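Below is one structure, written out as structure tokens; the observations come after it.
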There are 4 protein chains.
Amino acid sequence: MPNQPKYQRRKEDRPQEIADAAFKTFAEKGYAATRIDDVAKRAGVSKGLTYLYYKTKEDLFKAVVKNVVIRRVDSLIGNVESTELSSEEFLRGPLLEFMKKVPGSPIAIVIRLLISEGPRHPDLVNYYYENVVARGLEAIRQFVARGVERGEFRREALDHQPHLFLAPMMLSMIWRLVFADKPLDTDQLMESQVELLLAEMKA
Amino acid sequence: MPNQPKYQRRKEDRPQEIADAAFKTFAEKGYAATRIDDVAKRAGVSKGLTYLYYKTKEDLFKAVVKNVVIRRVDSLIGNVESTELSSEEFLRGPLLEFMKKVPGSPIAIVIRLLISEGPRHPDLVNYYYENVVARGLEAIRQFVARGVERGEFRREALDHQPHLFLAPMMLSMIWRLVFADKPLDTDQLMESQVELLLAEMKA
Amino acid sequence: MPNQPKYQRRKEDRPQEIADAAFKTFAEKGYAATRIDDVAKRAGVSKGLTYLYYKTKEDLFKAVVKNVVIRRVDSLIGNVESTELSSEEFLRGPLLEFMKKVPGSPIAIVIRLLISEGPRHPDLVNYYYENVVARGLEAIRQFVARGVERGEFRREALDHQPHLFLAPMMLSMIWRLVFADKPLDTDQLMESQVELLLAEMKA
Amino acid sequence: MPNQPKYQRRKEDRPQEIADAAFKTFAEKGYAATRIDDVAKRAGVSKGLTYLYYKTKEDLFKAVVKNVVIRRVDSLIGNVESTELSSEEFLRGPLLEFMKKVPGSPIAIVIRLLISEGPRHPDLVNYYYENVVARGLEAIRQFVARGVERGEFRREALDHQPHLFLAPMMLSMIWRLVFADKPLDTDQLMESQVELLLAEMKA
DNA sequence: GATGAATGAGGATTCATTCAT
DNA sequence: TATGAATGAATCCTCATTCAT
């Protein structure tokens with residue numbers, strides 16, 4: 001390696017590359033412990049270039065969170081919203097599938113970041129709430145309502161908060177983030193919960 | 001004024017006061033954003049004194065987490081372990097009571113700190129797991145087992161992971177930490193879950 | 001659109017346009033606070049082009065100062081040097097006129113820049129001294145001498161330093177630069193001074 | 001020099017020492033080119049200590065300017081304000097004395113800094129105006145008025161702006177700051193102006 | 001010529017930690 | 001014990017300058 005060119009210029013999407021590197025670094029170290037220099041190095045660019053695209057570290061953070069949410073949520077939630085399945089089939093199928101994927105997905109990382117940094121970034125929290133949480137909860141609510149309409153579920157099924165479906169997913173997520181090495185069959189956890197709820201709701 | 005009281009009003013437990021102040025500050029700002037100076041000011045002592053009792057910021061952090069766990073867990077879990085109630089009564093009563101308290105308790109704060117800082121402090125995670133999580137899960141397991149022995153619960157009740165009891169508590173905790181301003185009846189959530197599980201487990 | 005005009009509207013004098021933009025920016029922000037980027041934007045060119053004409057920021061600065069001096073001084077001093085007026089008429093007329101214009105002219109800006117940056121640019125200071133100050137002082141000296149020769153002024157008029165004529169102009173300039181919002185009739189100041197000096201010098 | 005103690009702790013007034021060092025550095029390099037590190041080094045302290053006393057570089061700058069003004073102005077202006085001299089004696093004596101001192105005094109440096117940085121620090125400009133300029137002008141005005149009352153001066157003397165007295169001082173100051181190596185008898189300049197004005201004003 | 005993406009040295013500021021008193 | 005002045009490594013961010021296109 002005699003002398004590599006000092007100035008690189010690539011076609012690829014530099015902002016996205018930087019955001020990707022930033023996401024990984026934030027994921028590993030958290031917001032405060034992440035140094036812009038590390039992000040840049042990871043992205044294979046200079047520190048200065050990072051600042052060309054993201055005015056401040058906070059900007060970068062926000063961009064990264066929104067970026068992940070935007071890119072991932074549709075591929076996770078999207079296909080859940082339009083379906084021809086019966087409500088029961090939906091809950092047992094796509095929803096469960098979705099929930100099983102979340103704890104290992106980048107969304108889990110985002111949640112960790114929101115838990116840590118949320119209080120300092122209320123706009124991010126709102127963004128996340130509206131684009132992920134509210135949509136997810138509403139999707140569940142709709143399917144339960146449809147089940148009731150169709151006579152699949154008892155009227156009382158509507159009383160359950162949709163959060164109850166997601167609780168084991170939440171626990172699984174936190175468990176993996178914190179107790180990665182302690183055993184827990186998280187998939188089993190979520191399956192049990194769905195069965196529990198279906199047994200209760202079914203007509 | 002030669003005859004001042006010989007005994008200056010000496011704070012009995014400076015280390016504890018510092019730890020308390022530190023806990024509050026870590027709770028408010030997180031680990032990285034907490035300045036030792038603020039902790040000292042809050043405790044009403046000098047920065048130097050903090051270093052007399054806690055060698056580093058990290059030491060202080062660890063001490064604080066363990067300290068909270070030690071002081072709180074027994075008052076939360078303790079009275080749960082010995083009881084003369086039937087298993088059902090226990091689950092519906094003391095356990096539910098306990099779970100409702102957690103999301104607003106210092107334990108929730110500790111969990112937030114572990115979610116953020118855990119990866120950098122595996123020993124803390126282990127400590128927490130052994131002293132809180134494992135004990136809590138075991139307690140639940142025992143009561144389910146006792147219920148089966150006594151014929152209150154079906155044999156299959158043992159198949160359920162005790163985590164299922166705690167899932168809504170986890171979700172409630174995170175919800176309060178992140179979405180403090182979004183509505184959610186967290187108590188209702190936990191009650192529903194207990195009913196759900198009891199309906200399933202009962203003979 | 002193949003038949004676009006073959007001759008792109010090419011700016012005739014890019015270097016001059018850049019220098020103009022630079023002058024305005026230096027005037028507003030001072031040397032250190034001026035960013036090449038801003039200059040380029042103001043000139044409507046790219047940053048790179050600026051560097052094509054001016055090797056460094058300092059080069060640009062020097063070029064700008066000299067440029068202003070060259071372009072302005074003749075229009076200010078020029079017409080003062082050749083005149084058929086009597087010495088008194090000259091001093092009361094063109095010289096006063098000249099002095100009144102200076103505090104609001106680009107020359108005042110250059111002086112401000114020299115006051116700030118002069119110590120780091122002795123060559124600029126010399127350039128300015130020779131092309132502006134020395135010429136101005138000499139012009140005054142000549143007119144006083146001519147007045148003496150012609151018997152308009154007393155012999156002792158020669159003893160006065162020509163700087164005395166310029167002192168109120170200097171004060172007016174600084175006043176406007178620093179105390180722009182504090183009232184001061186600077187024209188009146190200069191008129192008084194000329195009258196004062198004439199009264200003293202007249203035979 | 002085997003091992004000098006890392007931690008110094010002196011009785012002297014550290015903030016003042018830092019301000020002094022800062023003044024010298026600002027004087028030499030101007031605001032922007034002054035590095036806090038240099039100031040600290042010059043004061044014989046660490047960079048961090050500077051920030052203990054002055055929150056930002058701008059704070060330091062303001063403190064320094066005000067500090068110089070406060071410390072110097074009274075020793076310059078103070079003794080001028082109360083006097084038993086006749087107005088003429090005062091103008092020819094103490095006032096002239098004062099004016100001769102200014103161009104070589106720290107006040108000249110402050111003026112240079114205000115000329116450079118004033119637009120970015122209007123509060124400093126106001127502070128300087130009120131504490132130095134306005135007071136100086138008023139003192140002159142008072143003496144002229146007193147001279148008129150006493151019959152020393154003609155009534156028309158009041159028409160002259162007091163700034164006229166100060167104009168050569170201003171020019172001298174700027175001259176020394178910018179053209180330090182070019183010859184000019186600045187004292188002579190100021191003396192001439194006083195004589196000029198007295199000749200005009202005297203009854 | 002002309003562009004603007006890319007670089008990296010430089011400088012302000014913070015804060016954990018030390019230690020003279 | 002107790003204090004808080006003092007230190008300096010660490011990090012964000014800026015911007016003059018370069019160079020691939």
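Residue numbers start from 1 in every chain, and the chains themselves are labelled A, B, ... in the order their sequence lines are given, proteins ahead of strands. Because only heavy atoms are used, hydrogens play no part in the values below, and waters and symmetry mates are left out as well, while side chains stay in. For clarity, every value in this text was computed on a predicted model and none was experimentally measured.
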Length of the line joining D/Tyr54:OH and E/dG11:P, which is rounded to integer Å: 22 Å
Earlier contact from the 5' end, DNA chain F, for A/Lys55 and C/Gly48: A/Lys55
Which atom of D/Pro15 lies closest to which atom of D/Tyr54, heavy atoms considered: O-OH, 3.0 Å
Within residues 25-35 of chain B, residues whose heavy atoms come under 4.0 Å of DNA chain E: B/Thr34, B/Arg35
Test log, rule salt bridge (charged side-chain N to carboxylate O under 4.0 Å, His left out), inputs A/Lys24 and A/Glu28: CA-CA 6 Å; A/Lys24 286 175 195 152; A/Glu28 282 170 23; over 6 Å; no
Touch class at under 4.0 angstrom, heavy-atom based, for D/Ile36 against every strand present: sugar-phosphate
Side-chain-base donor-acceptor pair under 3.5 Å for D/Lys41 and F/dG8: no
Ring-face cation of D/Lys57 near D/Phe26 (centre distance under 6.0 Å, axis angle within 45°): no
Separation of E/dT14 C1' from A/Lys57 NZ (nearest whole Å): 12 Å
C/Glu17 CD to E/dA2 C1', straight-line distance once rounded to whole Å: 14 Å
Touch class at under 4.0 angstrom, heavy-atom based, for C/Tyr53 against every strand present: sugar-phosphate
Any B/Tyr51 side-chain nitrogen or oxygen under 4.0 Å from OP1 or OP2 of E/dT17: yes
Check against side chain to side chain contact (heavy atoms under 4.5 Å, CB included), C/Tyr127 and C/Asp123: CA-CA 6 Å; C/Tyr127 182 88; C/Asp123 55 326; over 6 Å; no
A/Arg14 vs E/dA5: side-chain N/O to OP1/OP2 distance below 4.0 Å: no
For B/Ile111, the option from B/Ile115, B/Ile109, B/Leu113 that meets side chain to side chain contact (heavy atoms under 4.5 Å, CB included): B/Ile115
Distance, P atom - from E/dG1 to F/dT21, rounded to whole angstrom: 22 Å
Base E/dT13 paired with D/Lys47 side chain (donor-acceptor, <3.5 Å): yes
